[in-house]
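Residue numbers start from 1 in every chain, and the chains themselves are labelled A, B, ... in the order their sequence lines are given, proteins ahead of strands.
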Amino acid sequence: MGKAKIVTPKEAAALIPEGASIMVGGFMGVGNPHKVIEELHKLGTGNLTLMCNDGSLPIGPGGEVDWGVAKLISSHQVTKMYGTHVGLNPEVGKRMNDGSLDVTLIPQGSFVEMIRAGGAGLGGVLTPTGFGTIIEEAWHVDRVVEIDGKRYLLEKPLRADFALLCGYKVDRMGNVWYKGTQRTFQEMMATAADTVIVEAVNLVEPGDIPPEDVITSRILVDYIASEEA
Amino acid sequence: MTFDKDNVKGFIAARVAQELNDGDVVNLGIGLPTMIPSYLPEGVELTMEAENGIIGSIKPDADHPAEPYWSVDAGGQAALAGLGGAYIDSAVSFGLIRGGHIDATVLGTLEVDQEGNLSNWIIPGKRLPGMGGAMDLVVGAKKVIVATEHTAKGKPKILKKCTLPFTAINCVDMIVTEMCVFVITPDGMVMTEYNPAFTLDEIKAATEADYTVADDVKEMVVNF
């Protein structure tokens with residue numbers, strides 16, 4: 001894994017090839033790595049598989065048009081998406097209906113556990129969620145398993161080529177602290193991708209985040225994306 | 001209070017509020033359920049859980065300014081962890097939800113049926129917002145309360161069997177509408193309260209599901 005390398009958001013985005021699968025941290029745009037996404041959008045890299053809770057928002061909190069991952073959806077760079085709730089970005093529904101975006105909707109608690117399993121060396125996750133529903137037939141469910149009289153879905157692990165994360169404080173070694181609800185899926189995604197890129201809202205010195213407060217350890221981080229690179 | 005047909009949602013929210021106990025950890029769905037906190041009886045303080053990772057979620061106010069770039073609730077609205085609260089990750093959040101650490105969840109619905117099956121996440125070919133955390137919440141919360149208007153454009157929403165894809169099966173404990181309160185028991189659906197603004201015949205006509213009326217059925221009393 002080696003040491004985390006500090007690169008510009010543009011250099012980070014250029015690491016991602018056409019056709020890559022990307023896990024993007026955050027929820028409704030909060031916690032998306034906005035600068036790396038902006039650069040990826042400029043590069044126009046296409047045929048991406050996006051694994052993200054949602055499609056973010058068409059308008060961000062400061063009036064930003066196509067905030068966060070919404071940029072990659074509106075530009076048609078994403079052709080396949082796994083998420084849990086896409087209702088707040090009408091573009092996703094429109095593209096699902098016209099067939100230009102292949103969306104798999106997964107219960108949120110199962111989605112995070114599938115990612116955790118993918119990064120933690122587990123063969124899957126047993127969850128009662130989705131039992132008796134059409135989720136039983138989904139490609140990501142291996143089978144229904146009965147244990148001590150209770151029935152569960154065996155959800156398969158999920159991994160991606162890249163994890164694109166965002167920390168409020170990232171030290172120059174790659175340790176990460178998230179603010180508020182930036183946190184969400186990030187720490188699980190950091191374990192479940194071949195290459196992990198963390199955008200730093202604030203790039204800080206090693207030790208500025210006390211070890212007790214490190215949420216994602218540097219050993220998981222390959223690249224730190226910062227304008228200060 | 002007397003029933004005001006122009007404030008049906010407030011009436012339902014106020015009745016649901018009576019079901020929640022001081023200290024309960026509660027997850028409220030979007031829409032009508034978000035009105036519940038303003039109808040809580042005096043002395044009842046809840047801890048709100050937002051499934052994207054807030055325990056003790058509060059709305060921003062003068063002392064707690066909004067931080068919309070860093071902290072939102074599950075509906076994407078600015079929200080914060082208040083005094084005594086915590087920010088948690090999604091795996092912990094859904095561990096709490098599935099693990100029975102949430103006392104109650106209240107959510108709206110498209111359809112609900114007499115077996116306690118719930119369908120509120122998809123209208124195939126039409127509306128595909130996704131289930132978000134709803135499937136986990138109704139499977140895991142200790143008490144699942146459906147808060148809904150009794151009918152949709154005059155058509156019953158409380159059915160013998162849901163026609164839309166299920167959110168979860170056998171998960172609903174209680175249904176609160178502007179007409180009545182139903183509880184789901186192993187022996188079937190039972191009306192425990194009714195709104196005297198409607199006759200029992202009117203309620204029957206607006207309900208497709210089979211149910212019995214409890215021997216000690218009461219009038220819905222809602223205090224604003």
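Considering only heavy-atom pairs separated by less than 4.5 Å from chain A, the leading option among B:Phe94, B:Trp70, B:Tyr87, B:Phe166 is B:Trp70. Put simply, of A:Glu187, A:Arg116, A:His34, the one with the most heavy-atom pairs under 4.5 Å next to chain B is A:Glu187. Counting heavy-atom pairs closer than 4.5 Å to chain B, the top-ranked of the candidates A:Gly109, A:Gly130, A:Gly87 is A:Gly109. The greatest number of non-hydrogen atom pairs below 4.5 Å with chain B, out of A:Leu57, A:Asn53, A:Asp54, A:Val201, is found for A:Val201. By number of non-hydrogen pairs under 4.5 angstrom with chain A, the leading residue of B:Ser90, B:Ala168, B:Gly130, B:Gly133 is B:Ser90. In terms of heavy-atom pairs under 4.5 Å with chain B, the best-connected choice from A:Pro128, A:Gly93, A:Ser56 is A:Pro128.
Within the 4.5 angstrom heavy-atom criterion, only side-chain atoms of A:Thr127, from C-beta onward, approach chain B. Heavy atoms closer than 4.5 Å to chain B are found in both the backbone and the side chain of A:Val30. Using a 4.5 Å cut-off between heavy atoms, A:Ile135 touches chain B through its side chain atoms alone. Contact annotation for A:Val103: neither backbone nor side-chain heavy atoms come within less than 4.5 Å of a heavy atom of chain B. Contact annotation for B:Glu67: only side-chain heavy atoms (C-beta onward) come within less than 4.5 Å of a heavy atom of chain A. In this structure, chain A has heavy atoms under 4.5 Å from both the backbone and the side chain of B:Ala74. When heavy atoms are compared at a cutoff of 4.5 Å, A:Gln182 approaches chain B by way of both its backbone and its side chain. Heavy atoms closer than 4.5 Å to chain B are found in the side chain of A:Glu64, but not in its backbone. No part of B:Leu137 comes within reach of chain A, as not one of its non-hydrogen atoms sits under 4.5 angstrom from that chain. Contacts of B:Ile97 with chain A are absent, with no heavy-atom separation under 4.5 Å from either backbone or side chain. Proximity to chain A (any heavy atom under 4.5 Å) is restricted, for B:Thr167, to the backbone atoms N, CA, C and O. With a 4.5 angstrom heavy-atom cutoff, B:Asp73 touches chain A only via backbone atoms. Contacts of A:Phe111 with chain B are absent, with no heavy-atom separation under 4.5 Å from either backbone or side chain.
Geometrically, B:Lys204 engages B:Tyr211 in a cation-pi contact defined by less than 6.0 Å to the ring centre and at most 45° from the axis.
Side-chain contact, B:Asn117 with B:Glu115: a donor N or O sits under 3.5 Å from an acceptor N or O. With 3.5 Å as the limit, one finds no donor-acceptor pair spanning the side chains of B:Glu49 and B:Ser57.
Remark: B:Ile169 CD1 is packed, more than 12 non-hydrogen atoms of other residues, nucleotides or ligands lying under 6.0 Å away. Surrounding NZ of B:Lys160 are more than 12 heavy atoms belonging to other residues, nucleotides or ligands, all under 6.0 Å away. Residue-environment remark: CD (B:Glu45) stays at or below the threshold of 12 foreign heavy atoms within 6.0 Å. Atom NZ of B:Lys9 is surrounded by 12 or fewer heavy atoms from other residues, nucleotides or ligands within 6.0 Å.
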message: Working note: A:Leu165 + A:Met189, criterion side-chain contact (heavy atoms from CB on, under 4.5 Å); need CA distance, chi angles, decisive distance, verdict.
response: CA-CA 8 Å; A:Leu165 313 178; A:Met189 289 179 171; 3.8 Å; yes
- prompt: Under the side-chain contact (heavy atoms from CB on, under 4.5 Å) criterion, do A:Asp194 and A:Arg159 qualify, and how do the steps go?
  reply: CA-CA 8 Å; A:Asp194 297 343; A:Arg159 289 187 62 87; 3.2 Å; yes
- request: Determine, stepwise, if the pair A:Trp67 / A:Met28 fulfils side-chain contact (heavy atoms from CB on, under 4.5 Å).
  value: CA-CA 9 Å; A:Trp67 200 42; A:Met28 300 303 166; over 6 Å; no
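When the options A:Ile73, A:Val78, A:Val69 are evaluated for a side-chain contact (heavy atoms from CB on, under 4.5 Å) with A:Val92, the one that passes is A:Ile73. Each of B:Leu118, B:Asp113, B:Val138 was evaluated against B:Val172; a single residue qualifies, B:Leu118, per the side-chain contact (heavy atoms from CB on, under 4.5 Å) test.
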